[in-house]
Amino acid sequence: MTERQGTVIEGPVRVRFAPSPTGFLHVGGVRTAIYNDLLRLHAGGAFVLRIEDTDKARSDEAMTRQIQDALSWTGVRWDEGPFLQSERLPRHTERAQELLAADKAYRCFCTTEMLEAQRAEAQKAGGSFSYPRTCAHLAPEEIARRIGEGQPFAVRFRAPDESIRFLDLVRGDMEFPADAIDDFILLRSDGTPTYHMSVVCDDIDMAITHVVRGEDHLSNTPKHVPLFLALGGAVPVFAHLPLILGPDKKRLSKRFGATSVEEFRAEGILPPALYNYMVLLGWSPGEDREVLPREEMGRIFDVDRLNASAAVFDREKLLWMNGQYMSSLALDEVRPYLEPFLAEAGLAGADPARLRAALELHRSRSRTLRDLAAAVGIYFRDELAYDVPACAKFLADPDLPVHLAALRDHWMELPSFDKEALEAGLRAVAGERGLKAGALIHPARMALSGETGGPPLFDLVEVMGREETSRHLGHFIAFLRRGGALPEHQD
RNA sequence: GGCGCAUUCGUCUAGGGGUCCAGGACGUCGCCCUCUCACGGCGGUAACACGGGUUCGAAUCCCGUAUGCGCUACCA
């Protein structure tokens, strides 16, 4: 941990995000991408996007496309790529062959069955298994003979005998004993390169200076470091990010709700809110500020402040963050993201001016875009569904229909249908009838929104407009007169 | 099993030996604002995993224990 002090990064960096396209982009992946984004933003340089699609069975073009969409939606910007690792396989093989030629790697003729047996035995004896270097020093003639016989072989890396050290920006100076790694495989017996070979080769070719990735790669790093060296590449600086946990402190799983960018998007989360929330899951600006735009975070981002312990994903706080952005962003910035939800709510063709006014009225009251789109629906409907249980107190007042009818008549005769006039009108009607304003306001709100809560009544009515207000009041009066029975078509 | 990493309010975190009977945020509770709801404001609630050291002094440094997690493939 001591080494962390003063590891602030100032020069240009080359960072990369290298997801494998196996479905949706999960929160862990997004956060990794975001920290890379911020590091690049802070220090300058380049962000390389590399798709690790070598596991062809699980990868396809659509998934690659999806990752790019999810990243750009989130607000992560990359400078180079996407590069497909699958297209670089020949290069990886070529580099592995170089290691073989330089005797930094060797052919291993051991069969999987043999290795499995040895591994099982070692486990039974209570120890850990590492490759016993059976083929590490075969005589050249022996090798030639076996190749001649057509025996398949894998290519193994000659792991160093010294302990391996590297710098991890999150955890400090790391040191692994030599026996922590064995002579791992570079090329499978079918000739294809393994993950370790591909990653290191690509990181070298792409001149990556900082590898920011998940903690699950921490134990792989002592394998990668000597491989960088053997291939003549500069060893990058590492930063291994802790995992993201679910509320049960286990690996985040679906049963606690959305876990992927696509799902958050579908729920109506704004990209900057997701981005902002994710950044805070493992990093803090060090001052008591939390809601910060990407550019600002980029300016003050500092790997020094990355947290080393796992964090529980808190959906509530994400929703809160979303609410912050929903109400503070300019409406025009929100609109593009909102559009699909409006369409879904059947409001695609709604009157633009009224829609806009309605959105302004409701956005600070909604936590998601989906909620917002649903909330403004009341301004564009022929009939409203009332919160029936909450209507009990209105039904208990036999004079209410008359009062509301008077209110409606008064409002309809107003020369100007604006909130000041509406309020003055309502207070006048209430006064004439010996009522408190609230005695009209609350039932009117129910009549015009179907709910007990919502924006200030006169704002609501102004946006609703004269015609709809009259109609909805009429419906509600009829509803009250029926004693609360719903018309046929409304159940 | 082996190796590694982690451990501050329910959750995200601040904290780099004294300024910490531990600060901020989400949540929660109460109050204010108010026609309701939300926003906002104010206040309350609640934490240094445990045990040993080191030190005049430890949340902070060291060692152990516990717990959690990761890795331990011819997967990535």
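We name chains A, B, ... by the order of the sequence lines, and we start the count at 1 in each one.
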Query raised in the report: Taking only residues two or more places apart in sequence or in another chain, which ones pass side-chain contact (heavy atoms from CB on, under 4.5 Å) with A:A405?
Result: A:I477
Query raised in the report: Under the side-chain contact (heavy atoms from CB on, under 4.5 Å) test, which residues partner A:K104, sequence neighbours left out?
Result: A:L99, A:A102, A:A230
Pairs of donor and acceptor atoms involving the side chains of residues 426-437 of chain A, under 3.5 Å and at least two apart or interchain, shall be tabulated with distances.
unit_1: A:R427; atom_1: NE; unit_2: A:E423; atom_2: OE2; d: 3.0
unit_1: A:R427; atom_1: NH2; unit_2: A:E423; atom_2: OE2; d: 2.9
unit_1: A:R433; atom_1: NH1; unit_2: A:H403; atom_2: ND1; d: 3.0

**Report entry** A:H362: partners by ring-ring contact (aromatic ring centres under 6.0 Å, His included), with sequence neighbours left out
**Finding:** A:Y379
For [X], give me all partners under side-chain hydrogen bond (donor to acceptor under 3.5 Å, both in side chains), at least two apart in sequence or on another chain.
X	value
A:E287	A:R289
A:R356	A:D332
A:E267	A:R315
A:S198	A:H92

Query - Per-nucleotide protein contact string for nucleotides 32-39 of chain B, where B marks a base within reach and S marks sugar-phosphate only (heavy atoms under 4.0 Å, - for neither) - result: ---BBBB-
Query raised in the report: Taking the six-membered ring of A:F153, is NZ or CZ of A:R107 closer than 6.0 Å to its centre and within 45° of its axis?
Result: yes
Where do N or O atoms of nucleotides 64-66 of chain B meet protein N or O atoms at under 3.5 Å, pair by pair?
none

Please list each protein N or O that sits under 3.5 Å from an N or O in nucleotides 11-15 of chain B, with the distance.
unit_1: B:U11; atom_1: OP1; unit_2: A:K249; atom_2: NZ; d: 2.7
unit_1: B:C12; atom_1: OP1; unit_2: A:V312; atom_2: N; d: 2.9
unit_1: B:C12; atom_1: O2'; unit_2: A:L280; atom_2: O; d: 2.9
unit_1: B:U13; atom_1: OP1; unit_2: A:G282; atom_2: N; d: 2.8
unit_1: B:A14; atom_1: OP2; unit_2: A:N307; atom_2: OD1; d: 3.2
unit_1: B:A14; atom_1: O3'; unit_2: A:R305; atom_2: NH2; d: 3.3
unit_1: B:G15; atom_1: OP1; unit_2: A:R305; atom_2: NH1; d: 3.1
unit_1: B:G15; atom_1: OP1; unit_2: A:R305; atom_2: NH2; d: 3.2

Contacts under 3.5 angstrom, residues 235-246 of chain A side chains, donor-acceptor by atom type, not counting sequence neighbours:
unit_1: A:H240; atom_1: ND1; unit_2: A:D168; atom_2: OD2; d: 2.6
unit_1: A:H240; atom_1: NE2; unit_2: A:R213; atom_2: NH1; d: 3.2
unit_1: A:H240; atom_1: NE2; unit_2: A:T221; atom_2: OG1; d: 3.0

